[in-house]
Amino acid sequence: MRSSEQLRQQLTRLDGKDYGAYQSLTGGWSFPDYDLLIDRIPKDPYAPPSTGVYRIRIPREDAGFPDWMSEIRIKEVALRDFLARQFYKQSTDICKGRRGTGNSGIITISQPGQAILERTSIVVNDEFVEARICLGMPANGRKVKATVAEVMLFEELPEIIRLSLFADNLDPEHLEKHIRTAEDAEFLREKLNDLGLVAFIANGSVLPRESGVEQTPLIESNVVKFKSPESLSVRIDLPNAGTIAGMGIKSGVTLIVGGGFHGKSTLLETIELGIYNHIPGDGRELCVTVPEAVKVRAASGRSVVKTDISAFINNIPFREDSSTFTSTNASGSTSQAAFISESLEAGAKALLMDEDTCAMNFMIRDKRMQQLVAKKDEPITSFVDKVRQLHTEHKVSTILVMGGSGDYFSVADCIIQMVAFEPQDVTGKTIEIIKRFPTEREQEGESTLRSPKKRIPLNKGLEPRNEYGHLRVNAPDPKQLIFGAMKVDLQELEQLTEATQTKAIGRAILHVKSFMDGQRDTQQIIEMVRDLIVSDGLDVLDDRLTGDLAEFRGLEFAAVLNRMRGLVVK
Ligand code: ADP
Ligand code: MG
């Protein structure tokens, strides 16, 4: 390996040459405390930073992280996640930012969100700690700007590395807390099944977020901390935090009711994101949900390919069989039915719904409407007539925010009312109300709920090359996947939180495409992706060692695939 001094000399020789000359720096360079490995430098200063591949490698012993921090998977994931955050923070503080054309002068790493995720930006193993970073080699126009490159590589980068990747320079309490917090949350989530719960929200949690676009906790003097009603309170012993108490939501059908602005949606959002372990300070560190919980909503306009929605919608006028429902522009109700069917197909165990984002005609059909419009003239079987069957026949629970219709009282196991951000158990009260005011609406639809037909997705329409023949799989933001010439709109996938996850899903689709050969159904393809990543890690998804991938669920993988407009199903 060449020395860092040789790198300095080489840089001086490149000054003023065409930007492409930077590519002569490809290879390994040995700095006093670490190796800089340059796998790829783009030819163009405007190329997205992710097209370059730069790695920093420090011998594990020198980095100084004790063995216990990586003795089990969750701890190792949390350690790596912590280091990614440190690097991100230090690079933001130390790097002076853009200096020159395009991405000149930037030093950064994929920005982590509120969830502690397995991510490829930091690797820790017995031999080394490796950071995979983004660098924008600086340019004047399209010419090498060596003086700035020298500042970046010999002043800023060494300082960022020193302060973020060596244990001695990190706050040990902070780091330990990060790991212990993740361990507790993971433990708690694994306990849910034994306790018969689908979700748990610890007392003292801070649920509201800063804003619709900021996932950081709302910091205001009048924030109401979460407090479970006595009847739903559950106590659990955790490995680190000791005994904690909070509200347990049992499997079955749970309604969240209450007036507008009383905190219903905020509670549901906490449950949605309880599939992730949150960073310390998030406010929802001890709010967990079963890993197979899916937020389902209506999204009119989406494409649907041969999804079996017949359990919910039948006899659509002038349409063939709704067991292979196809649309390039689905309505609110059909998109919601498709979302549910596709989630069941992909292994969902709990459905989360908020009336704010549901199709009204899918959710309710009251007595008066039943009198006016006969069932034979209504293709939709209201969800109120299906929600119990989902649980009794398929063991799929539902948590539903429903402030608008009392018809759901009769099908719920538990009803929670939010009153000024405090949950109250009103199940008993509603039993009284049901007695006094019977709905008299008739149960409609079939007496059982058929599982959706399995589908076999084909690779035909999934072309990862764009109109110029370039391979393009990218995620500019969490809710958008670029796959070849296709732009996949993922706005409705509320549990997809980072662009790194979206990109990893895109790469996974690319990776298993050749196995979509008409032999495997969706479930088998999901399992294939999961097995592959479990055995070989996320790196298996890219032929280069990139730092912009993060873990994702099979449920989101399937949801993305189902929203690709080129999808063809056998
Ligand atoms: P709903 O769905 O019942 O209409 P939301 O959950 O949307 O109510 O909450 C209404 C507003 O109150 C939101 O701006 C939210 O951030 C805020 N909020 C939610 N929970 C709390 C809380 N525990 N303390 C303070 N503000 C909260
Ligand atoms: Mg709401």
Side-chain angles (χ1 to χ4, degrees), residues 113-114 199-230 232-233 244-249 253-276 278 281-289 293-300 332 336 339 350-364 383-384 387 398-409 412 414-427 429-430 491-495 497:
Q114 293 297 105
F200 175 88
I201 299 110
N203 290 344
S205 298
V206 173
L207 275 42
R209 300 293 98 188
E210 190 57 49
S211 73
V213 288
E214 274 305 326
Q215 277 295 301
T216 47
L218 179 65
I219 301 171
E220 251 179 33
S221 54
N222 50 2
V223 166
V224 177
K225 292 194 172 171
F226 191 84
K227 186 168 174 292
S228 171
E230 205 43 56
L232 301 177
S233 176
I244 60 153
M247 182 171 87
I249 297 184
V253 179
T254 302
L255 288 195
I256 301 171
V257 303
F261 305 100
H262 281 258
K264 303 183 297 294
S265 296
T266 305
L267 173 58
L268 193 76
E269 276 155 29
T270 302
I271 297 168
E272 287 162 28
L273 295 175
I275 58 167
Y276 296 120
H278 300 291
D282 174 86
R284 304 168 299 183
E285 293 92 318
L286 296 172
C287 301
V288 298
T289 305
V294 184
K295 170 66 180 290
V296 167
R297 54 175 291 174
S300 53
Q336 190 169 354
F339 203 154
L351 304 178
L352 313 175
M353 296 190 211
D354 190 328
E355 62 183 349
D356 289 355
T357 50
C358 284
M360 164 112 137
N361 57 344
F362 184 77
M363 301 309 289
I364 50 182
F383 189 68
V384 73
V387 64
T398 298
I399 303 176
L400 175 61
V401 169
M402 177 54 77
S405 167
D407 283 351
Y408 274 87
F409 292 173
C414 176
I415 304 180
I416 297 164
Q417 181 177 354
M418 294 304 286
V419 183
F421 313 127
E422 272 201 32
Q424 297 182 357
D425 180 358
V426 295
T427 317
K429 229 178 177 174
T430 54
Q491 226 34 266
E492 57 187 292
L493 302 186
E494 294 177 17
Q495 291 165 297
T497 62

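Atom set for the values below is all heavy atoms of this structure, side chains included, hydrogens, waters and symmetry mates excluded. One is the number of the first residue; the rest follow in order along the sequence. Counting convention: from 1, in listed order, for ligands and their atoms alike.
Considering only non-hydrogen protein atoms, atom 8 (O) of ligand 1 sits nearest to G263 N, 3.1 Å. Nearest to atom 9 (O) of ligand 1 among the protein's heavy atoms is T266 OG1, 3.6 Å. Scanning the protein heavy atoms around atom 4 (O) of ligand 1, the nearest turns out to be F261 N, 2.7 Å. Of all protein heavy atoms, the one closest to atom 16 (O) of ligand 1 is P208 CB, 3.7 Å. The nearest protein atom to atom 18 (N) of ligand 1, hydrogens excluded, is given as F421 CE2, 3.4 Å; this is a heavy-atom distance.
For atom 23 (N) of ligand 1, the nearest non-hydrogen atom from the set N222, V224, D354 comes from V224. With atom 2 (O) of ligand 1 as the reference point, the heavy atom nearest to it among S265, G403, A420 is part of S265.
Checking atom 26 (N) of ligand 1 against the protein gives a heavy-atom contact under 4.0 Å. Counting only heavy atoms, the protein never gets under 4.0 Å from atom 13 (C) of ligand 1.
Rounding to the nearest 0.5 Å gives a distance of 4.5 Å between CG of L255 and CD1 of I415. In this structure, the separation between CE on M402 and CZ on F409 is 10.5 Å, given to the nearest 0.5 Å. A distance of 8.5 Å separates CG of L232 from OG1 of T254, quoted to the nearest 0.5 Å. With rounding to the nearest 0.5 Å, the separation of CD1 in I416 from CD1 in I399 is 7.5 Å.
Taking 4.0 Å as the cut-off, G260 counts as a neighbour of ligand 1 on heavy-atom distance. Contact between M418 and ligand 1 is absent, with no heavy atom of the residue lying under 4.0 Å from the ligand. At least one heavy atom of V223 sits less than 4.0 Å from an atom of ligand 1.
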Checking side chain to side chain contact (heavy atoms under 4.5 Å, CB included) for the pair V384/I364: CA distance, chi angles, key distance, verdict? CA-CA 7 Å; V384 73; I364 50 182; 5.7 Å; no
Does the side chain to side chain contact (heavy atoms under 4.5 Å, CB included) test come out yes or no for I244 and F200, once each step is laid out? CA-CA 11 Å; I244 60 153; F200 175 88; 3.6 Å; yes
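When atom types are taken as modelled, the side chain of Q114 and the backbone of D282 share no donor-acceptor pair closer than 3.5 angstrom. In terms of modelled atom types and a separation under 3.5 Å, the side chain of E272 and the main chain of L352 share no donor-acceptor contact. With hydrogens and angles disregarded, a donor-acceptor distance shorter than 3.5 Å links the side chain of E285 to the backbone of G283.
Within D356, OD2 is the N, O or S atom that lies nearest to the Mg ion (ligand 2).
Counting backbone and side-chain atoms alike, S265 contributes an N/O/S atom closer than 2.8 Å to the Mg ion (ligand 2).
Nearest approach of V401 to L268, heavy atoms of both residues: CG2-CB, 3.8 Å.
Looking at K264 next to ligand 1, an N or O pair under 3.5 Å apart turns up. Below 3.5 Å of separation, one finds an N or O of H262 facing an N or O of ligand 1.
With a 4.5 Å cut-off on side-chain heavy atoms, T216 and R209 do not count as touching.
Near G259, meaning under 4.0 Å from one of its heavy atoms, ligand 1 places the atoms 3 (O).
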